[in-house]
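Just so we're on the same page: letters track the sequence lines, and every chain starts at 1.
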Amino acid sequence: MIIEHPLLGPRDAAEFVYLGDASLLDRPDWQAEDAAERFYEYGYLRDNPAGQHQELWYHEQGDRSWLVVTRNTVSHEITKVELARDVARERGRARGRDT
Amino acid sequence: MTQVDQINSGAMAFVSGDAANTKQNSFDGQKNRVGTGLVNPNQKLSFTFNSKTMAGFAGDTLASALLANDQMLVGRSFKYHRPRGIVASGAEEPNALMNMGSAARFEPNQRATTTVLFEGLKAESQNHWPSLEYDVGAINSALSKFLPAGFYYKMFIHPRPLWKHVYEPFIRQSAGLGKAPQQPDADTYEHFYAFCDVLIVGGGVAGLQAAHVAGKAGAKVLLLEQAAHWGGRAPVDGGELDGASPQAFVDRMVAELSGMPNVTMRLHCMGAGVYDHGYVLGYEQLDQAVRGAPRHRLWRIRAAEVITATGAIERPLSFAGNDVPGVMLASAVRDYLINYGVCSADRTVVVTNNDDAYRTAIALKNAGLSVPAIIDARVLPGDSALMAEAKEMGIRVLMGQAVAKVLGSKRVRGIEVCAQAGEGAVLEQIRCECVAMSGGWSPVVHLWSHCGGKLVWNKDYALFQPDLENPPTGADGLPFVTAVGCAAGPITGTDFEGLSLFDTLRGAVEATISVCERQGIRLRDMPKVPTVVEYDEEPLHPIWLMPQGAGPKLRQKTWLDYQNDVKVSDVQLAAQEGFESVEHAKRYTTLGMATDQGKLSNINGLAVLAKALKEDIPQVGTTTFRPPYTPISMGAIGGEARGEVFQPIRRTPMHGWHEKNGAEWEPVGHWRRPYAFRQNGENTHDAVMREVRNTRANVGLLDASTLGKLIVRGPDAGKFLDMMYTNMMSTLKPGKCRYGLMCSENGFLMDDGVVARISDDTWLCHTTTGGAERIHQHMEEWLQTEWWDWRVYVANVTEQYAQIAVVGPKAREVLQRLGGMDVSNEALGFMEWADGTLGGFECRVYRISFSGELSYEIAVRAGQGQAFWDALMQVGADLGIMPYGTEALHIMRAEKGFIMIGDETDGTVIPQDLGLHWAISKKKDDFIGKRGQERSHMTDPDRWQLVGLATLDGSVLPDGAYAVGSGTNANGQRVTQGRVTSTYHSPTLGCGIAMGLVHKGPDRMGEVLSFPGTDGAIYKAKIVSPVFYDPDGAKQNV
């Protein structure tokens, strides 16, 4: 499989380590009332779709960047590859410097 | 000569001799050699088969040479040990599998049809004892009624006690066909990377045509052909291309392609598999006459487009006795005749359901051989062109008839003829030595299917062909594989019937134009499709059983899979027993599971299944096609990654010294660490005991370079480490060290190590040896996906520093002798670090202890590691300085009750289980693992807790042993209440010591537990404190 790195261009999948569902980006708020339940869902529950899937890949044998890859798990068509930090920023994971 | 004669003159040129001389012995010992074909009669090759010396020619395959020498019997089938002969001429051959070579070059299951003959080739047939001709295993065939498909699911169940000593050994003995090699492979193999615009698999006329179009258009083309020659079937099957023979067309194409710099061509190279995003594996067999060349080369190809011009494979017909040696595919019979000049029979009967097989009869007759009859299961209103030609040559054509049975067991003696529409009542017997059968042709759709291409059933031609609406798609969602020629199946809406030569070429041209345009390669001139003269063919009639109404006796001898001995009755049995899915029927009967991967048996088998289930064939479907297309060697897959270079070994700077000084190595990930240093003929145990005693009495040196060292720096580094560890790391003061624990989000303890505060914004984190890269990845994950706005940078400097632990009561004295920085207790206390020089070496000294002794871990630049080690060994010589290995390290830490990641942790253990509450900060709102550890299961007081275990008799508890309680649980298993996590013999205490997790352990001090061993003994041990030695921790503090 080829993953088109946003900075480095097309790379063989063998250069990467696969982590899993990119839902790991959405770490729940530890202070929420239902934090325990939300952490359980965050840690264990996965949709595992046959189709579009967003997932985390680590470019261990390259620039050690983490990527969010949007891949169709049935056809392996890859529609989007982004730096994880850009996706985190978009999702509003920024919490400012004083937290 | 008629026009038809002109077409066949191509075939005649390959065969010499007239009718009278045909079978004369003019090729010494090769009594079946009637001509030369493509072989070189001036270059004789000598080879052995079952120790019998035979002769062949350069250009032969082992199969053609065996047939030339009239070796009809070439092996025994897997289950019933039935006599087996050569059936096909190519990679689809199911029977002619040989043990080849000897010693370090021995390999089983080599296909005689794809093995190029070379001087001195040594081949032996497989799966028989004592000999090929007289095989005791043939008794299975006599018992075949009791050994149908799936018999082992019923037979070897009862009585149960017989399984281990009777059934299993018997099954092991009978399993497999060839013998396993006994020596490491002496050949070399290599991997080769290639990139191209258009990869074309298949060098027949369609593939050559496609390569020509793409090559002329300027694309970078790679053309692969698995056989030894270009052209595929066309030169054998005849026809006329642009007014010349197919061979002339092929020669012209090859010459033009060879002259194009953008086209690369390879013979002996099979397309093995199509994978995602245009990745294709090619398997090249190299000329073994070239000394020192690799045996196989694995091509790792990245292609923008793949064109499969892989042709089609003929199907056998299903009639009783269709497995007797001498029954062959009709196309194979004419391949051997025309390409190799070999015919294994004086009289050959052709049995068919289509027109194509008539070509074999015509070729044989042209070569002066006898064809007593063509048995055509069809009833046609009038003669087809090929039928008329055959009749004109004087060949008897019997319409609407079938083979009821083949006569002969080790070799064909003749056939019995019956009506196809009947139940097998014999009309006549015909004597013959060969039965050339044809049940139709199946496009080779494997490469198309590997990456998701779908198939569609063509009812008129009884074949599966690529579904053009559902091709394999690539990274961009667009198709990247195209099938051309016979591999694509019949193209609808043409003037010709069948898989015609014209349609093959036209399809190749059109498809290649589309492929090029899809890649943005524009053609300057539109290529011309050659003019073709060929026979009009009448359609085939699908015949799945011969005769139609064959009863059980005939069906039990009607073979589908020759290698695995699967009969029509077996597939019907599977359907009867409820295995309705084609995938289940395949596995229950083992149809298509042999090394030929069902190339001859799949379609015939699923047609029988469909009829048994009263379903249409497309409803039943096919099983999944998986790479490789035909078996490839393990050597090719491994390439050069074997032996010493299989995996990189990571070595510390002192590795060479360890090697020279008796190190017994232990793999720790890719590192090698000394387990112990054996001196003066010691055994390992004695070496370890000596090392522990010496370190505790004098001073020991440990190479700790492999442990991870991660520099974490930045204004937010402290905040970050507070999240990573359970401890407070932000409050660690510069110059101090703290032992830290790292947990997963689930709360489980996953790594530990000492963290040192280097400066205001810099910490250095140690990890376990196996954890360095993993923890670095873990830190990067959080910094890039969660706290991307925190200003932290992580650098893995594990390999930048050698780290040496100087351990023992005399450690300080050793360092003071080196001279340099102040290492007194006042200047450098326990859990502090300092930079300075020792013996002239710049170093950083951490006063940390894993042994409980006075201990300094010293980091120097990696390049100076060996010199520093030497200096220490030298100044400490008279103080008794000795190196120690990982086992001594483990024993000493266990004596002190220190945990080890991987022993006391197993992915389910939390710090609280290990009594490490002190390391978990209560002041932190959040850290990775905090939430997980608050779950009810984690706070359950019944969780097993860490304790020490002391055997009553001083013996060593077995590793992993469980402490049993009384009674059984709901599953009927013995109740357990603890397990051993670490266990050693302690030389310091003179007895066995162990750590373990025990139910409510810390509250049960002094209780005795029973641990059953796997040796049947019961070990009794008392629950004690895990700190066996120096419980006050005085020694590390001096």
Novice: Quick one: what part of B/Phe480 sits under 4.5 Å from any heavy atom of chain A, side chain, backbone, both or neither?
Specialist: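 No part of B/Phe480 comes within 4.5 Å of chain A.
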Novice: Between A/Thr73 and A/Gly51 (side chain of the first, backbone of the second, donor and acceptor by atom type, cut-off under 3.5 Å), is there such a pair?
Specialist: yes
Novice: What orientation do B/Trp782 and B/His778 show, parallel under 30°, tilted 30 to 60°, or perpendicular over 60°?
Specialist: perpendicular
Novice: Do you know which of B/Pro715, B/Ala475, B/Ser744 has the most heavy-atom pairs with chain A at a distance under 4.5 angstrom?
Specialist: B/Ala475
Novice: Could you tell me if A/Arg71 and A/His53 have a donor-acceptor pair between their side chains, going purely by distance under 3.5 Å?
Specialist: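 Not at all, the side chains of A/His53 and A/Arg71 share no donor-acceptor pair under 3.5 Å.
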Novice: Could A/Asp34 and A/Arg38 be called an ion pair, given the rule that one side-chain N must be under 4.0 Å from one carboxylate O?
Specialist: yes
Novice: Heavy-atom distance under 4.5 Å to chain B: side chain of A/Val17, backbone, both or neither?
Specialist: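 A/Val17 touches chain B through side-chain heavy atoms alone.
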Novice: Check each atom of A/Tyr44 against the heavy atoms of chain B and say whether the ones under 4.5 Å are side chain, backbone, both or neither.
Specialist: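 Looking at A/Tyr44, just its side chain touches chain B.
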Novice: Validate the cation-pi geometry between B/Lys719 and B/Trp790: distance from NZ or CZ to the six-membered ring centre under 6.0 Å, angle to the ring axis within 45°.
Specialist: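 Output yes; distance and angle both within limits.
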Novice: Side chain, backbone, both or neither: which part of B/Leu783 has an atom under 4.5 Å from a heavy atom of chain A?
Specialist: backbone
Novice: Would you say the side-chain atoms of A/His5 and A/Ser65 include a donor-acceptor pair closer than 3.5 Å?
Specialist: yes
Novice: For B/Asp476, is it the side chain, the backbone, both, or neither that has a heavy atom closer than 4.5 Å to a heavy atom of chain A?
Specialist: backbone
Novice: Tell me, for A/Leu56 versus chain B, whether the close heavy atoms (under 4.5 Å) come from the side chain, the backbone, both or neither.
Specialist: side chain
Novice: Look up atom CZ in A/Arg64 and atom CD in A/Glu60, then write down how far apart they are to the nearest 0.5 Å.
Specialist: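 One finds 8.5 Å between CZ of A/Arg64 and CD of A/Glu60.
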Novice: Using non-hydrogen atoms and a 4.5 Å limit, figure out which bit of B/Glu934 sits close to chain A: side chain, backbone, both or neither.
Specialist: neither
Novice: Chain B heavy atoms under 4.5 Å from A/Leu83: which part of the residue, side chain, backbone, both or neither?
Specialist: neither
